[in-house]
Amino acid sequence: MNAEKQKICAFAVDAGTVRLLREALGVDNGDTVHRGDMAAVVKHLTGAPSPRLVIVDLDGSPFPAGHIHELARVCEFGTKVIAVGSNDTARLAREVLSCGVSDYLPKPVSAREIRDAVRAALDGEGGAGRLHAGRVIAFTGCGGSGATTLAAVTVQAAAAKGSYVSAVDLDPVFGALPWMLDVEPRGGLDELLSVADADESSESQMIEAVCAAMGPRVSVYGYRPGDQVSAVPSAAAVQWLIEHLANRSHMVVVDGMSDAGTLFPVLENADERVLVYEPTLASLGRLTRTLALMGGRTDATLVENHTRARKSALGPRQIRDALAGREPDQIIPFEPKLPAATDRGSPHESLGKKYRAALDRLIEKLTRRTISLAEDAVGSVRASG
């Protein structure tokens with residue numbers, strides 16, 4: 001195996017693993033296999049061209065998944081990662097595999113196991129096993145349905161539980177998501193997407209220039225009010241941005257897709273699709289049209305959001321008839337305090353128990369599938385072993 005040709009970079013904490021990696025990769029120098037822990041890996045690759053594959057040693061890392069996320073921030077999109085370590089628990093395997101690591105090999109590991117893992121990572125098709133830290137959750141709904149409010153609360157709740165979140169509002173006229181998060185977007189999103197439209201290999205560091213922070217865990221991206229937007233970005237440019245943000249975050253929440261050319265590609269590529277509707281004829285009509293244009297797929301999460309007093313809502317039977325017998329996945333009750341709480345920038349803390357309980361169920365539904373996918377990946381690794 002010609003490691004230089006394959007552009008492999010490997011790190012190990014101890015001398016024995018260094019020797020093993022050099023044997024497995026067929027190299028005898030320190031240009032490919034280095035001595036160092038996860039902090040050394042991140043430092044080495046910061047600002048440097050990313051290899052196709054990085055092999056890392058998780059020993060000595062107090063928070064392996066966090067270090068994997070740091071690695072994702074400094075690597076180009078599509079970099080593959082194989083991890084080794086002395087911890088052979090399924091819990092650690094789930095954590096690192098859910099971050100997009102191609103394989104986790106518990107020590108003691110053989111040279112043959114490493115070669116097989118490298119071959120599988122480099123020969124794998126599509127995006128499986130790529131360094132993809134976060135799941136993409138797209139919210140959509142007609143005006144007044146409360147989709148943006150739910151997106152904002154989801155961002156805040158996920159961050160409060162320790163997740164790093166990227167919040168993206170693609171509405172070029174008035175993006176309400178940054179406003180609800182009490183953040184003023186920085187200028188330049190239009191220019192960034194234009195550059196990406198012309199050259200999808202654009203440096204991901206450019207994203208930092210248009211990022212507005214909401215505390216240490218939330219990054220917000222949107223059009224600044226008053227900026228003149230030259231043109232609707234292509235679906236490829238929007239996907240480029242979302243993919244890079246998924247490499248930087250546990251979760252990417254996308255909202256504000258105001259035109260069909262942006263909406264449906266984002267929904268198609270998202271990990272979770274949240275379709276929010278009010279129990280009214282107008283809102284249900286918009287929902288059924290959206291579902292039809294999505295090709296009748298049934299994996300979208302339907303959220304019935306009671307944004308108005310009960311007297312204006314349709315009954316359950318009328319809603320079932322409008323949805324051809326389909327039931328909503330989540331029902332968010334009417335909460336009279338929501339507008340005032342949203343104005344204060346923290347719409348989750350001061351609301352009623354029923355509303356917060358319904359919201360918690362929605363957030364659990366949106367995030368628990370990451371764990372399920374990780375468990376499936378662990379099963380596949382065990383089966384292949």
Side-chain angles (χ1 to χ4, degrees), residues 1-15 17-85 96 99-105 114-115 117-124 127 129-134 164 166 192 195-196 198-211 219 240-250:
M1 177 182 296
N2 187 332
E4 295 293 334
K5 184 177 180 180
Q6 296 285 359
K7 296 184 179 180
I8 300 173
C9 187
F11 292 79
V13 172
D14 59 278
T17 305
V18 168
R19 290 193 296 269
L20 180 66
L21 289 173
R22 288 177 178 172
E23 175 189 348
L25 299 176
V27 297
D28 57 3
N29 57 65
D31 294 333
T32 300
V33 181
H34 309 263
R35 183 81 176 265
D37 57 10
M38 285 297 298
V41 179
V42 173
K43 182 178 179 180
H44 181 87
L45 294 178
T46 299
S50 295
R52 288 185 61 197
L53 173 68
V54 182
I55 302 176
V56 299
D57 190 339
L58 300 181
D59 284 357
S61 173
F63 183 30
H67 273 128
I68 295 296
H69 287 298
E70 289 184 32
L71 182 60
R73 291 178 65 89
V74 302
C75 287
E76 296 174 3
F77 180 76
T79 298
K80 302 294 183 69
V81 175
I82 294 172
V84 300
V96 297
C99 296
V101 170
S102 296
D103 209 344
Y104 176 70
L105 305 175
I114 292 173
R115 284 193 291 267
V118 168
R119 189 174 298 108
L122 294 178
D123 294 344
R130 70 191 181 190
L131 191 58
H132 179 100
Y164 288 89
S166 291
L192 173 65
V195 170
D199 179 10
E200 291 184 28
S201 64
S202 305
E203 292 293 331
S204 62
Q205 288 85 349
M206 296 172 61
I207 296 174
E208 297 290 347
V210 300
C211 171
S219 300
W240 173 87
L241 173 64
I242 292 173
E243 287 176 347
H244 277 287
L245 295 181
N247 276 355
R248 298 160 174 253
S249 315
H250 297 96

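Residue indices begin at 1 and follow the sequence shown. Source: prediction; values computed, not measured. FYI, side chains are in, hydrogens and waters are out, and symmetry mates aren't considered; it's all heavy atoms of this structure.
- The side-chain heavy atoms of Ser166 and Ile242, taken from C-beta on, include no pair separated by under 4.5 Å.
- One finds the CE atom of Met38 at 4.0 Å from the CD1 atom of Ile68 (value rounded to the nearest 0.5 Å).
- Among all heavy-atom pairs drawn from Ala24 and Arg115, the shortest one is O-CG, 3.1 Å.
- Ile82 pairs with exactly one of Ile8, Val118, Ile114 by the side-chain contact (heavy atoms from CB on, under 4.5 Å) rule, that one being Val118.
- Rounding to the nearest 0.5 angstrom, the gap separating the CZ atom in Arg119 from the CG atom in Leu53 is 12.5 Å.
- Using the six-membered ring where Trp is involved, His44 and Phe11 have ring planes that are perpendicular, over 60° apart on the 30 and 60° scheme.
- With hydrogens and angles ignored, the 3.5 Å screen pairs a side-chain donor or acceptor of Arg35 with a backbone N or O of Val13.
- You'll find the side chain of His67 reaches within 4.5 Å of the side chain of Pro62, heavy atoms only.
- The distance from the CG atom of Leu45 to the CD atom of Glu70 is 12.5 Å, given to the nearest 0.5 Å.
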Test side-chain contact (heavy atoms from CB on, under 4.5 Å) on Trp240 and Val195; report intermediate values, then the result. CA-CA 11 Å; Trp240 173 87; Val195 170; over 6 Å; no

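- The side-chain contact (heavy atoms from CB on, under 4.5 Å) test with Val56 is passed by exactly one of Val101, Val81, Val84: Val81.
- Nearest heavy atoms, Val96 versus Pro64: CG1-CB, 4.4 Å.
- Judged purely by atom type and a 3.5 angstrom limit, Arg52 uses its side chain to pair as donor or acceptor with the backbone of Leu122.
- In terms of heavy atoms, Gly85 sits closest to Asp57 at CA-OD1, 4.2 Å.
- The side-chain heavy atoms of Val33 and Arg19, taken from C-beta on, include no pair separated by under 4.5 Å.
- Across Val42 and Leu71, no two heavy atoms sit closer than the pair CG2-N, 4.0 Å.
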